[in-house]
Amino acid sequence: MVLVNAVSEKDRGEDRKKREEEREEFEKLRKLLVEGLEGFVLDEKVLRAMLRVPRHMFVPEYEQRAAYTDRPLEIGHGQTISAPHMVAIMCEVLELSEGHKVLEIGAGSGYNAAVMAELVGKTGHVYTVERIDSLVDFARNNLKETGYDNVTVLLENGSMGYPEYAPYDRIAVTCAAPSIPEPLLEQLKPGGILVIPVGNYSQELIKVKKR
């Protein structure tokens, strides 16, 4: 019995050491990624937020080793997690600040919402809408595991926005639309900002500020 306990303790110690080494490796890769993003964004707040969010926790296990490459990654159901430079650009264009209430259309794995949650802080809140129920579960679990309690993931279509918590200081749309949906403009506060990729075969990232 003593021998069994000794072996078990040794295994636990090796597991802890392996997890710590893995954590350090991911942190190093994340730092290199963020340094590469400095050519895309100038806002230091956005870069610091990207540095704090563990992207590898928002992708399937088989994609974790690729989490800190600057490209989209598969998350299942024909969906992808956006490339880090696109997340950073959208967050910079949104001009997110402490206390903002944000609506995101297209939760995916929850990564974009986590970066925005860093920027709006504990006094702000991100409501993110996803139409695929298994991705809703995936995003909720990822956000819970990484400690983001200022994000609410909602199972909805999203094309009509989410009027229950409107108006919003900021609205971010992660999927392309042929035009800007009118309900999103209606749910935006005066002075608020909406960012959305618009187009069919090719898209432009459009920023709208409501007067």
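Everything numeric in this text was worked out from a predicted model, so none of it was measured.
- H77 is listed as a side-chain neighbour of S134, based on a closest heavy-atom distance under 4.5 Å.
- The side-chain heavy atoms of P167 and Q187, taken from C-beta on, include no pair separated by under 4.5 Å.
- In this structure, CG in L96 is found 12.0 Å from CD in E118, a value given to the nearest 0.5 Å.
- Minimum interatomic distance between G106 and T174 (heavy atoms only, all atoms of both residues): O-OG1, 3.1 Å.
- For E204, the CD atom counts as loosely surrounded, since its 6.0 Å shell holds 12 or fewer non-hydrogen atoms of other residues, nucleotides or ligands.
- Connectivity analysis of hydrophobic side chains (ILVMFWY, heavy atoms under 4.5 Å, direct or indirect) links V173 to L103, I105, Y127, V129, L154, Y162, Y165, Y168, I171, I180, L184, L185, L188, L194, I196, V198, I206, V208.
- Here the side chains of P84 and R71 are not in contact, with every heavy-atom distance at 4.5 Å or above.
- Scanning for side-chain hydrogen bond (donor to acceptor under 3.5 Å, both in side chains) contacts around K207 gives E95, with sequence neighbours left out.
- Legend: residues meeting salt bridge (charged side-chain N to carboxylate O under 4.0 Å, His left out) with E20, ordered by chain and number and at least two apart, are R23.
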Let me see the working for V151 and T128 under side-chain contact (heavy atoms from CB on, under 4.5 Å), right down to the final yes or no.
CA-CA 7 Å; V151 180; T128 182; 3.9 Å; yes
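- For residues 57-68, the side-chain hydrogen bond (donor to acceptor under 3.5 Å, both in side chains) pairs, not counting sequence neighbours, are E22-R65, E25-R65, R30-Y68, H56-Y68.
- Residue pairs meeting the side-chain hydrogen bond (donor to acceptor under 3.5 Å, both in side chains) criterion with at least one member in residues 31-43: none, sequence neighbours excluded.
- For the side-chain hydrogen bond (donor to acceptor under 3.5 Å, both in side chains) condition, no pair includes a residue of residues 190-200, sequence neighbours left out.
- For the pair R211 (side chain) and P190 (backbone), a donor-acceptor distance under 3.5 Å is absent.
- Not a single salt bridge (charged side-chain N to carboxylate O under 4.0 Å, His left out) links K209 to another residue, sequence neighbours left out.
- The shortest distance between side-chain heavy atoms of R55 and I81 falls below 4.5 Å.
- Annotation: side chain of L47 is in contact with side chain of E44 (closest heavy-atom distance under 4.5 Å).
- Between K189 and D169 there is a salt bridge, with a side-chain nitrogen of the basic residue lying less than 4.0 Å from a carboxylate oxygen of the acidic one.
- Partners of E74 according to the side-chain hydrogen bond (donor to acceptor under 3.5 Å, both in side chains) rule, which considers only residues two or more places apart in sequence or in another chain, do not exist here.
- The distance from the CG atom of L32 to the CG atom of L37 is 11.0 Å, given to the nearest 0.5 Å.
- Every side-chain hydrogen bond (donor to acceptor under 3.5 Å, both in side chains) that H85 has, sequence neighbours left out, goes to D70.
- Residue pairs meeting the ring pair (Phe, Tyr, Trp, His ring centres under 6.0 Å) criterion with at least one partner in residues 129-158, sequence neighbours excluded, do not occur; the list is empty.
- Closest approach of N150 and A117 over heavy atoms only: ND2-O, 3.2 Å.
- The shortest non-hydrogen separation linking L73 to A66 is CD1-O, 3.6 Å.
- Using a 4.5 Å cut-off on side-chain heavy atoms (C-beta onward), F58 and I75 make no contact.
- Separation of atoms OG (S97) and CG (L119) is listed at 8.5 Å; rounding is to 0.5 Å.
- Minimum heavy-atom separation, S82 to V87: CB-CG2, 3.9 Å.
- The heavy-atom pair separating G192 from R170 by the smallest distance is CA-NH1, 3.9 Å.
- Closest approach of G108 and A139 over heavy atoms only: O-CB, 3.6 Å.
- Atom CD in E24 sits 10.5 Å away from atom NZ in K28 (nearest 0.5 Å).
- Here M57 contributes atom CE and E145 contributes atom CD; the two are 5.5 Å apart, rounded to the nearest 0.5 Å.
- Looking at heavy atoms from C-beta onward, T152 lies out of side-chain contact with V126 at the 4.5 angstrom threshold.
- Counting only heavy atoms from C-beta outward, the side chains of H125 and V120 never approach each other to under 4.5 Å.
- In terms of the salt bridge (charged side-chain N to carboxylate O under 4.0 Å, His left out) criterion, residue partners of D149 (sequence neighbours excluded) are, by chain and number, K122.
- For the atom pair T69 OG1 and L33 CG, the distance stands at 8.0 Å (nearest 0.5 Å).
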Chi angles and distances behind the side-chain contact (heavy atoms from CB on, under 4.5 Å) call for L135, S109
CA-CA 6 Å; L135 285 182; S109 69; over 6 Å; no
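- Remark: N157 pairs with S159 by the side-chain hydrogen bond (donor to acceptor under 3.5 Å, both in side chains) rule, at least two apart or across chains.
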Going through the checks in order, is the side-chain contact (heavy atoms from CB on, under 4.5 Å) test met by L94 and M116?
CA-CA 10 Å; L94 280 166; M116 292 191 292; 4.0 Å; yes
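- The main-chain N or O of I132 is found under 3.5 Å from a side-chain atom of E130 such that the two form a donor-acceptor pair.
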